[in-house]
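Here the structure comes first, spelled out in structure tokens, and everything after it is commentary.
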Amino acid sequence: MAPTSSQVRFFSSINHRLHLQKRAVLFWGFPSSSKDLEIPNENIFLRNKEGLRPFCSADSILCSADSIQDISFATELIRMQHWSKLKTHLKTTNPTTLLLQLFNSDADPVLILRYFCWSTKELRISHSLVLTGRLLDALAAAKEYPKMRSFLHKFVKNESFSSVSSVFHALSMSSDSLCHNSIIIDMLMLAYLKNMKTHMGFEAFKRAGDYGLKLSVLSCNQLLSALVKEGKVEDVEYVYKDMRRRRIEPNLISFNIVINGLCKVGKLNKASDVMEDMKSMAVLPNVVTYNTLIDGYCKKGRIGKMYKADAVFREMLENGIFPNEMTFNILIDGFCKDENVSAAMKVFEEMETRGVKAGVITYNSLINGLCRYGKLDEATGLRDEMMASGLKPNVVTYNALINGFCKKKMVDKARELFNDIAEQGLSPSVITYNTLIDAYCKEGRMEDAFALRNSMLDRGVLPDVSTYNCLIAGLCRKGNIKGARDLTNDLINNGLTADLVTYNILIGALCKDGQSKMAVRLLDEMFKVGLSPSHVTYNTLMDGYCSKGNLVAALNLRKQMEKEKKRPNIVTYNVLIKGFCQKGKLKDANMLLNEMLEKGLIPNQTTYLIVRAEMMEKGFVPDIEGHMYNISGSS
DNA sequence: TTAGGGTTAG
């Protein structure tokens, strides 16, 4: 069989490509030794005087009567799955040559696939990427899509060394059908995504564009969704723009995913823009779109966020989209977290007016809101109301209540609720344990805390990094820094990773102990392990330096913080103002106070207390007359 | 293939 025109086109640069291929080790299977990594020569086309000619061509294989008999015999063995007989047959025939013969004889692609997989597994043969591409092309031509999917899934799962670029390269060598290659790459991208190899899926998306292959919206949506879950919103924006450039029309789901991604990182204006985009493309926002945007404003909005969330809700109603339970849950939770439980209760009433039934999550949000502000009787009452309406509290309901009692320092009452959980046929979650463990630690009852940690192990609930953080913080409060360090090592030995909170706790403890230098070492360590220090980290360290009177070091940290694109917040100013006041530098403190106000930061109760205690009592009148109203905050 | 609730650090 002569090479096709595309093969000729391709193989005009075969020598160069083969050289590259050998260097890049392009295989789909499992090499068992370095020897297996050598390129098999069955695929090599040799240059002769006439031009290009396959080494294993029709002349050399299929024109001999023996070969035809051989291939029919082998095909039959594969069809019957007589593998031991085929193994005997292969003592005289190279397995890869047989594969080529199967391709050239136009055998049923499903049979070729069967042989391909068997020879990979049983004979430990690593078929080249090009041959694998050829198999996929044959399967695509036969529209054997489920088989392709399952093959690609296994390939991606087992393949640990083939780069995305090598796969594309090989595919361009093995098939000249844009249509088949598009289908193959579309499925390959999905396989990467399903195997949690999002970065490879993203690369496949980009390369598909370079190669002019068309991807489906469905697969692009999966990519967008995976990127959102990994928090890679810049990549989400790239894919979204590129989809439009490549004329892959985004559908409602694509828009919803993109809006969600943007909302999750607080890019609310961009999210609104995307909503306008979709309208201009005649894709009308649905209840999910509105819920996503409302939730974005609730969770990531700044000043007046609930006003904006409510405005989006009203717009939704005007556009004739009916809110569902989730819409109300989002608003209720938003108002509760905005310290406005009464507004949340109004939404709860509106929900009923509009005929939307409250669910467990609705009650949980309200109960949690009430608990956060110490309204335990109302919270418990709502739990009873919930049960009366036929809804069964779940572990989240209990966690909210337990947390409420713990915050009110009623730990024994919280423990009673904890015991109720099992009676109700529910199981405490790791969060239930963490909440109680933290409460014990805060009361200094370390023995009870550790006993609870042990009992969770007995019940098969694995402690997570938060469990350790609560205990580490407990030990630090007792001044037991060594114990805290040991427990941190224990955390690591148990296969967990210290997180931002762990570092903040340890840094705080070291600062409190006067060991600011050691604390800064931990800050450096954070960068090394790829953790980004937060406001809490910097503020804690600055507080440590200020307590030691080292204002220069504290101000340097503020500079470093700003370099890291962290704008000083209210706590930063409170820490610095307190530091300057304690050093008697009241004018500097006052300058900081004004700077804070100029930046639009509204001083809180702590600021007020510092100013009153440190400045006014020393006879210094802060230059903030017009702002005193703000400073007293609640006045 | 898209949207909601509970824990830890200043």
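FYI, side chains are in, hydrogens and waters are out, and symmetry mates aren't considered; it's all heavy atoms of this structure.
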Please tell me which of the listed nucleotides, B:dT2, B:dG10, B:dA3, lies nearest to the side chain of A:Asn539? B:dG10

Nearest whole angstrom, please: distance from the C1' of B:dA9 to the CG of A:Asp543. 13 Å

Taking the six-membered ring where the residue is Trp, are the ring centres of A:Phe322 and A:Tyr290 under 6.0 Å apart? no

A:Leu487 has an atom CG; how far is it from atom P of B:dT8, in whole Å? 18 Å

From C-beta outward on A:Cys470, which listed nucleotide comes closest to its side chain: B:dT8, B:dT2, B:dA3? B:dT8

Verdict with supporting geometry, A:Tyr240 and A:Arg244, side-chain hydrogen bond (donor to acceptor under 3.5 Å, both in side chains): CA-CA 7 Å; A:Tyr240 171 64; A:Arg244 298 183 64 179; 3.2 Å; yes

When rounded to whole Å, the CD to P distance for the pair A:Gln222 and B:dT1 reads 6 Å

Nearest-nucleotide pick for A:Val288, side chain only, options being B:dG6, B:dA3, B:dA9: B:dA3

Over all strands shown, is A:Asn394 touching base, sugar-phosphate only, or nothing at heavy-atom distances under 4.0 angstrom? base

In a check of side chain to side chain donor-acceptor pair (under 3.5 Å) between A:Asn399 and each of A:Asn368, A:Thr432, A:Thr435, which one passes? A:Thr432

Are A:Phe418 and A:Tyr433 close enough that their ring centres sit under 6.0 Å apart? yes

Rounded to the nearest Å, what distance is computed from the CG atom of residue A:Leu252 to the P atom of nucleotide B:dA3? 12 Å

d(OH, A:Tyr398; C1', B:dG6) in whole Å: 14 Å

Nucleotide of B:dT2, B:dG6, B:dA3 approaching A:Met326 most closely (side-chain heavy atoms): B:dA3

Would the base of B:dT8 count as contacting A:Ser466 through its side chain, where contact means a donor and an acceptor less than 3.5 Å apart? yes

Measuring to OP1 and OP2 of B:dT2, would you say a side-chain N or O of A:Lys264 lies under 4.0 angstrom away? no

Please work out if A:Asn574 contacts a base, only the sugar-phosphate, or nothing of the nucleic acid, heavy-atom cut-off 4.0 Å. nothing

Taking only N and O in the side chain of A:Asn368, is any of them less than 4.0 Å away from OP1 or OP2 of B:dG6? yes

Distance in angstrom units between A:Ile472 CD1 and B:dG10 C1', rounded: 17 Å

Selection from B:dG10, B:dG6, B:dT2 that lies nearest to any side-chain heavy atom of A:Val571: B:dG10

Identify whether NZ of Lys or CZ of Arg in A:Lys308 sits under 6.0 Å from the centre of the six-membered ring of A:Tyr297 and within 45° of that ring's axis. no

Is the phosphate of B:dA9, meaning OP1 or OP2, less than 4.0 Å from a side-chain N or O of A:Lys442? yes

Using a cut-off of strictly less than 4.0 Å, decide whether A:Asn403 has a side-chain nitrogen or oxygen near OP1 or OP2 of B:dT7. yes

Which part of the nucleic acid, if any, lies within reach of A:Val465 when heavy atoms closer than 4.0 Å are counted: base, sugar-phosphate only, or nothing? nothing

Is there a donor-acceptor contact under 3.5 Å linking the side chains of A:Thr502 and A:Asp499? yes

Rounded to whole angstroms, how far apart are OH on A:Tyr538 and P on B:dA9? 21 Å

Mind checking if A:Ile253 touches a base, just sugar-phosphate, or nothing, with heavy atoms under 4.0 Å? base

Less than 3.5 Å between a donor and an acceptor, one on the side chain of A:Ser429 and one on the base of B:dG6, is that the case here? yes

Can you check the A:Leu500 CG to B:dG10 P distance for me, whole Å? 12 Å

Reckon A:Lys407 has a side-chain N or O less than 4.0 Å from the OP1 or OP2 of B:dT8? yes

Classify the nucleic acid contact of A:Val395 as base, sugar-phosphate or nothing, counting any heavy atom under 4.0 Å across all strands shown. base

